[in-house]
Amino acid sequence: MTTRPFVVGNWKMNGLRANLAEARAIDRGAARHPGVRVAIAPPFTLIAAMAEQAETMAIGGQDCHVAASGAYTGDVGAPMLADAGAVFTILGHSERRANHGESDALVRAKAEAALAAGLEVIVCVGETEAERDAGQAETVVCAQLDGSLPTGEGVPARVTVAYEPVWAIGTGRVPSVADVGAMHRAIRTRLLAIYGEDGAGIAILYGGSVNPGNAAELMAADEVGGALVGGASLTAENFLPIVLAAAGPPSE
Ligand code: PGA
């Protein structure tokens with residue numbers, strides 16, 4: 001496959017206007033690696049400012065409501081993300097699933113709303129440590145894919161999947177490269193079952209404690225099309241080496 005690797009920074013609930021300078025530094029660094037698609041999903045409050053300043057990287061949201069607008073105090077609709085300059089949104093992150101009780105069905109409804117607003121979607125899946133220990137990791141992840149992914153004409157081209165084992169997020173622990181490859185192969189098989197041959201082109205990102213030291217080996221694992229990076233995406237100093245790792249060794 002010749003698709004460009006996709007490296008996405010998930011800033012979570014971090015970032016003030018003072019951090020826009022960091023985003024500009026990441027954007028300038030991204031421009032040096034045209035072979036990698038670089039993106040940041042900042043908090044809602046920074047989307048518009050970041051989108052106005054970014055020349056190379058894509059800007060996205062971290063969530064959206066299922067409705068386009070209405071009496072939903074505190075929520076943000078997908079058309080508002082698009083209006084602010086977002087081109088994608090992350091959906092179904094395990095922190096949303098755990099802290100906000102988001103079900104697979106809700107994640108799918110949000111994905112449909114985001115697609116209807118013209119956004120791409122990054123749908124997150126991943127097992128807990130207890131599920132992995134019980135030998136259920138692939139079963140759990142495949143059920144999440146079945147329940148969370150939107151389907152329909154033209155949809156696969158606008159979908160990315162992020163595999164993020166819950167126990168690896170923010171913990172400094174990562175699965176072995178072999179386990180990452182095995183899970184990503186299982187996800188690819190499921191995507192082909194769901195979308196037919198269009199499932200072959202969907203990028204599958206790995207996420208969970210990706211850092212400059214482990215990025216190259218994780219991204220070299222089977223079927224890994226990039227990374228979804230939390231903590232290490234907050235500074236150019238940490239994030240740009242991950243972009244470089246995604247670019248792969250220089251070709252002579
Ligand atoms: P982390 O977060 O890189 O800080 O582990 C990844 C994520 O939750 O997307």
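No hydrogens, no waters, no symmetry mates; every other heavy atom, side chains included, goes into these values. One-based numbering, in listed order, for ligands and for the atoms of each. Residue numbers start at 1 and run along the sequence shown. The structure displayed is predicted, hence computed values, not measured ones.
Ring geometry for H184 versus Y163: interplanar angle over 60°, hence perpendicular rather than tilted (30 to 60°).
The list of salt bridge (charged side-chain N to carboxylate O under 4.0 Å, His left out) pairs with a residue in residues 136-158, not counting sequence neighbours, reads D146-R190.
A heavy-atom cutoff of 4.0 Å around ligand 1 is satisfied by the protein residues N10, K12, H93, E164, A168, I169, G170, G208, S209, L228, V229, G230, G231.
Nearest heavy-atom pair across P156 and Y195 is CG-CD2, 3.4 Å. The nearest pair of heavy atoms linking H65 to K110 is C-CG, 4.4 Å.
V243 and F88 fall into different hydrophobic clusters, where Ile, Leu, Val, Met, Phe, Trp and Tyr side chains are chained together by heavy-atom contacts under 4.5 Å.
For the pairing with R97, the side chain to side chain contact (heavy atoms under 4.5 Å, CB included) check across S148, C124, S103 returns one residue only, S148.
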